[in-house]
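Reading through the structure tokens given below for one structure.
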Amino acid sequence: MFRFIHTADWHLGHRLRDFPRDVEHRAFLDWLLERCKEHQVDALLIAGDIFDCSNPSAEAQATWYRFLARVIRDLPDIQVVAIAGNHDSAGRLNAPRELLEQLNIRVVGNLVRKDGTQEIDANLLRFTLQDSSGDPAAVVVAIPYLRESDLPRIRPEAEDSSLTTDDQPQVEGTQQDSHQSAPLAEDQEAQGEVPAPKGGHKLVPQPVNRSGQGRGLLSGGIPEESSTPAKPPDQAKDPLIEGVREIYRQVIEMSAEEETAFDGVPGTNHQVSQVDKREVKTQVPQKPGENGRPPAGAGPVPAADHEGVDVARQGPDGRALIAMGHCYAAGTALSELSERKILGGNLHALPADVFGSECTYVALGHLHKAQQVGCREEVRYSGSPIPLSMGEKDYRHQVCLVEMEGARIDRIQELEIPRMVQFHRIPERGVVSKEEALKVLRDLPESGVESLDGQPFLQVDVRLDRPEPGLRAEVDQALENKGYRLIRLGVTYTGDWSMLGEVAKARGLEELDPEEVFRLRWTSQYESEPEEEILSLYRGLVDLAQQEAGS
């Protein structure tokens, strides 16, 4: 039996508005270590976004290394594999790599190629994982967050082979990922074609910009939660998706002699008996207690069996094959304000078959909502351990415990993470009037939490038909001594902004008097005429501006 835990998207150092989350993260890591002990896991897989930014605070880095030290001390035989996400600095994660390798910890910050070539260095991406008896149990392919410049460019074999890299049409991208600051290896600037191992395509490396940094596959912010899963694109015409597919294909198909065992000895071609079927039993925790969440400090929640799928999944040599990645897959949902879509929005969401049918399990990171990809139960996002925005308050945060016998998955168990801090929104959905919101706030019971780090987070969304400059003070007064942390006071105005646009379109904005523009904008936003007192204040501002302009 081989057991491992899949987790991702810790975002150590995260702050919600101005409130640090360090205490919550430490509570999660305490809980995670206890689960590793309880289930006697052989490996811990961390699928990216260990830190919240590429330049994490000293406290965030101390939390990371303190956890690793405790793992080494309490579980000396456990194997840890961690990859970089789009929020991590590849260079920062890679810096102590040689030291961590001596402690059974493998960290993969970026895609590395062999000196002077475009050949991927498999020694830094493929590792042999051992079971409790020390026998090789699985091969893990650890692919970090991929930038566009990491990918080979795909073109059909039938195309004119005389075209050079510069002759090929460039793939249009979006803004560079501001979180990814680590430079690429110099040899990635080499141009030319590299033969693909299989597939009838030629690979053309993407050029690197002069800053040494490529555009990310996960870029561009999102304003709201997307409830509609992404649709797979026409894969045959998408060079970015085919480039990612080619990366996984190359690393998976490399010979077992290029693997690295955790004791530093190259992996062997250890044979596992062939299996005709693989039965996956997904276990989902019950939801005891208020809001379906266990009390803080509780152990794992009892699980119930759910019917899985029957398919054969194994690596080329018969061993279990585990793939890791940090990306945005099709058929999934993004969380509000906390994640970045893949390059080009949903057009470049990766289909599940990118990871190969050989994979016994695929451990993904980037999406904060725990979910499987499409109909493949073995391709999963573990989700983030704590809510990183108000939009995630109803998520069931978890880690995945996977048990395998040979190349067969016996069970996937979802271990729900106890929530230390609660999230509240007034109203639960939509907006309410100022009067309604203040009444609800005054009627709120005291949270009963004295420690600031444990007090519930609160968001209030109100609808106004006129400016209310004293609204924040009234909200603070209603919450006085109740023990809540206000992270957002959202305001929506009753107007639809249509009147100003219609008039400007009909007459032209240059034909309108400044006071008329002010009146129209006010009416568009508040659905009422400005009072004479407001107009008087506006006229005074206009006079002051004209005097300053003439001086």
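Not measured: the values here are computed from a predicted model.
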Problem set entry | Side chain proximity check, Y145 to D150, heavy atoms < 4.5 angstrom | no
Problem set entry | L486 side chain near V475 side chain, heavy-atom distance below 4.5 Å | yes
Exercise. Between H366 and D9, is any side-chain donor less than 3.5 angstrom from a side-chain acceptor?
Worked result: no
For this session: Taking the side chain as every heavy atom from C-beta outward, state whether R488 and M390 have any pair of such atoms under 4.5 Å apart.
Result: no
Exercise. Are the side chain of K369 and the backbone N or O of Y381 linked by a donor-acceptor pair below 3.5 Å?
Worked result: no
For this session: Side-chain contact test, heavy atoms from C-beta onward, threshold under 4.5 Å: evaluate it for V421 versus Q455 and give yes or no.
Result: no
For this session: Decide yes or no for V108 and L93: does some side-chain heavy atom of the first lie under 4.5 Å from some side-chain heavy atom of the second?
Result: no
Problem set entry | Donor-acceptor under 3.5 Å (R419 side chain, Q422 main chain) | no
For this session: Consider only side-chain N and O atoms of S433 and E436, and report whether a donor and an acceptor are under 3.5 Å apart.
Result: yes
Exercise. Does any N or O in the side chain of D88 come within less than 3.5 Å of the main-chain N or O of G85, such that one atom is a donor and the other an acceptor?
Worked result: yes
Exercise. How about V431 and V462: do any of their side-chain heavy atoms sit closer than 4.5 Å?
Worked result: no
Exercise. Is atom CD of Q477 surrounded by more than 12 heavy atoms (other residues, nucleotides or ligands) closer than 6.0 Å?
Worked result: no
Exercise. Any chance the side chains of R147 and N86 put a donor and an acceptor closer than 3.5 Å?
Worked result: no
For this session: List the steps, then state whether side chain to side chain contact (heavy atoms under 4.5 Å, CB included) holds for E59 with L12.
Result: CA-CA 9 Å; E59 176 62 27; L12 300 178; over 6 Å; no
Problem set entry | Output field: ring centroids H25/H11 closer than 6.0 Å | no
Exercise. Mind checking whether W31 and V399 have side chains closer than 4.5 Å, heavy atoms only?
Worked result: yes
Exercise. Measuring from H424:NE2 to L444:CG, what's the distance to the nearest 0.5 Å?
Worked result: 8.0 Å
Exercise. Between Q459 and D461, does any side-chain donor sit less than 3.5 Å from a side-chain acceptor?
Worked result: yes
Exercise. How about E450: does its CD atom have over 12 heavy atoms from other parts shown lying under 6.0 Å from it?
Worked result: no
Exercise. Are the side chains of V373 and R380 in touch, meaning some heavy atoms are under 4.5 Å apart?
Worked result: no
Exercise. Above 12 or not: heavy atoms from other molecules or residues under 6.0 Å from CG of D443?
Worked result: yes
Exercise. Does W10 have its ring centroid less than 6.0 Å away from the ring centroid of F51?
Worked result: no
For this session: Answer yes or no: is there a donor N or O on one side and an acceptor on the other, between the side chain of R17 and the main chain of I487, under 3.5 Å?
Result: yes
Exercise. If you take all heavy atoms of K434 and L464, which pair is closest and at what distance?
Worked result: CB-CD2, 4.0 Å
